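Structure, as structure tokens:
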There are 2 protein chains.
Amino acid sequence: MLSIGDLSKRTGVKVPTIRYYEQMGLLAAAERSEGNQRRYARQDLERLAFIRHARDLGLDISAIRELIALSQHPHQPCGNVDRIAADHLKSVRDKIEKLKKLEEELERIVTRCDGDHSIEDCYVIRSLSDHGLCDSEH
Amino acid sequence: MLSIGDLSKRTGVKVPTIRYYEQMGLLAAAERSEGNQRRYARQDLERLAFIRHARDLGLDISAIRELIALSQHPHQPCGNVDRIAADHLKSVRDKIEKLKKLEEELERIVTRCDGDHSIEDCYVIRSLSDHGLCDSEH
DNA sequence: CTAGATATCTCCAGAGACTATAGGTTTGGA
DNA sequence: TCCAAACCTATAGTCTCTGGAGATATCTAG
């Protein structure tokens with residue numbers, strides 16, 4: 001049996017975060033030692049690794065909760081699982097698109113500023129003040 | 001003079017958000033009507049548009065606070081302004097990089113799932129469970 | 001001028017996903 | 001056996017808003 005600290009070291013998830021996941025219902029309430037400390041078995045380690053991996057991929061807590069619930073019915077068809085992942089892929093793509101537009105605009109703003117003139121004339125400040133200087137909508 | 005609702009309509013910033021910006025020190029405390037309601041002048045409109053624009057670009061409140069402070073000394077050189085914008089550009093680029101890696105991995109996971117088999121065998125679930133199935137580090 | 005509708009005021013709580021602190025208890029090794 | 005490290009619970013804070021409650025102000029129609 002692993003202590004919460006052991007589990008933390010093995011998964012890279014911080015101790016308070018593990019307790020938080022338990023509170024949020026992603027991890028089952030752990031067994032306890034005689035002195036009331038949490039003790040974990042291998043399944044808990046796997047479950048936490050699953051959660052960690054899903055979080056790293058940017059899935060939010062409620063999506064993960066749903067995936068866990070689905071994974072406990074292994075003989076059902078996996079359409080919902082696929083949908084969750086595909087939806088998330090779409091939202092990641094949307095975010096990338098938005099950030100690329102930001103990148104372009106920031107680039108445009110920054111490259112017109114040599115950092116060596118007065119704030120009064122600074123393109124960065126002027127761009128922020130005047131939306132009309134933007135190329136694209138946002 | 002504009003009411004807070006007028007200002008909201010003109011800038012697209014919600015009323016409670018305007019009050020929040022005032023509380024955070026981005027907007028000066030507004031003048032008040034006899035009945036204690038906020039009244040805004042044209043400068044406030046411009047300032048709020050500046051804030052909105054900077055937020056749309058992803059700059060955080062403290063960066064905006066700093067930019068506003070700098071913009072009030074128009075005769076100083078603009079090196080710091082440039083630095084804030086350039087730092088932000090870098091962080092946007094970093095975010096894009098990370099998201100692209102996620103995109104790749106999610107794509108890989110999703111395309112191997114046809115949504116038409118059992119959860120037991122689902123590649124999405126298996127990928128999340130087993131980090132070893134990933135192509136790249138993350 | 002007054003009634004009623006709309007807008008505003010302040011204060012407080014909640015969102016999401018943690019993170020940190022305080023004050024106390026248990027555990028593991030020398 | 002003793003002590004430091006790890007653990008426990010409970011609570012509050014992070015960041016950027018957003019929404020609600022209950023009270024007050026302003027505007028419009030009659």
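Quantities reported herein were computed from a predicted structural model and do not represent experimental measurements. Letters go in sequence order (proteins before strands), and every chain restarts at 1.
With sequence neighbours excluded, the residues forming a side-chain hydrogen bond (donor to acceptor under 3.5 Å, both in side chains) with Glu66(B) are Arg83(B), listed by chain and number. Qualifying salt bridge (Lys or Arg N to Asp or Glu O under 4.0 Å) partners for Asp6(A), counting only residues two or more places apart in sequence or in other chains: none. Scored by the side-chain hydrogen bond (donor to acceptor under 3.5 Å, both in side chains) test, Arg93(A) finds Glu103(B), Glu107(B) as partners (sequence neighbours excluded).
The CE atom of Met1(B) sits 17 Å away from the C1' atom of dA7(C) (whole-angstrom rounding). The nearest whole Å value for the distance from the CD atom in Gln23(B) to the C1' atom in dC17(D) is 11 Å. When the C1' atom of dC17(D) is taken as reference, atom OH of Tyr21(B) falls 8 Å away, rounded to whole Å. For Arg32(B) and dA7(C), the CZ to P distance is 19 Å, given to the nearest whole Å. At whole-Å resolution of the value, CG in Leu7(A) and C1' in dC7(D) are 14 Å apart. Regarding Asp56(B), its CG atom lies at a distance of 14 Å from the P atom of dT16(D), rounded to whole Å. Rounded to an integer number of Å, the gap from CZ of Arg65(A) to C1' of dA17(C) is 12 Å. Atom CG of Asp60(B) is separated from atom P of dC17(D) by 10 Å (rounded to the nearest Å).
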Every protein N/O within reach of nucleotides 18-23 of chain D N/O, cut-off under 3.5 Å:
residue, atom, partner, partner atom, Å
dT18(D), OP2, Thr17(B), OG1, 2.9

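For the pair Leu99(A)/Leu102(A), a side-chain contact is recorded, criterion being any heavy-atom separation below 4.5 Å from C-beta on. Counting heavy atoms from C-beta outward, Lys98(A) and Lys95(A) have side chains that stay 4.5 Å or more apart.
In terms of modelled atom types and a separation under 3.5 Å, the side chain of Arg52(B) and the main chain of Thr11(B) share a donor-acceptor contact. Between the side chain of Ser8(B) and the main chain of Val13(B), a donor-acceptor pair closer than 3.5 Å is present. Put simply, the side chain of Asp44(A) gets close to the backbone of Ala41(A): a donor and an acceptor are under 3.5 Å apart.
Within a 6.0 Å sphere centred on CD of Glu31(B), heavy atoms belonging to other residues, nucleotides or ligands number 12 at most.
For Ile4(A), counting side-chain heavy atoms from C-beta on, the closest listed nucleotide (dC18(C), dC8(D), dT16(D)) is dC8(D).
Rounded to the nearest 0.5 Å, atoms OH (Tyr40(A)) and CZ (Arg47(A)) are 12.0 Å apart. Here the CD1 atom belonging to Ile18(A) is positioned 11.5 Å from the NZ atom belonging to Lys14(A), to the nearest 0.5 angstrom.
A rotation axis mapping the C1' atoms of four pairs onto the next four is fitted at both ends of the helix from dC1(C)-dG30(D) to dA30(C)-dT1(D) over five pairs, and the angle between these axes is 10° to 10 degrees.
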*If the sugar-phosphate is the primed atoms plus P, OP1 and OP2 and the base is the rest, what is the B/S/- string for nucleotides 25-30 of chain C, using protein heavy atoms under 4.0 Å?*
-SS---

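Distances shorter than 4.0 Å separate none of the side-chain N or O atoms of Arg38(B) from OP1 or OP2 on dT8(C).
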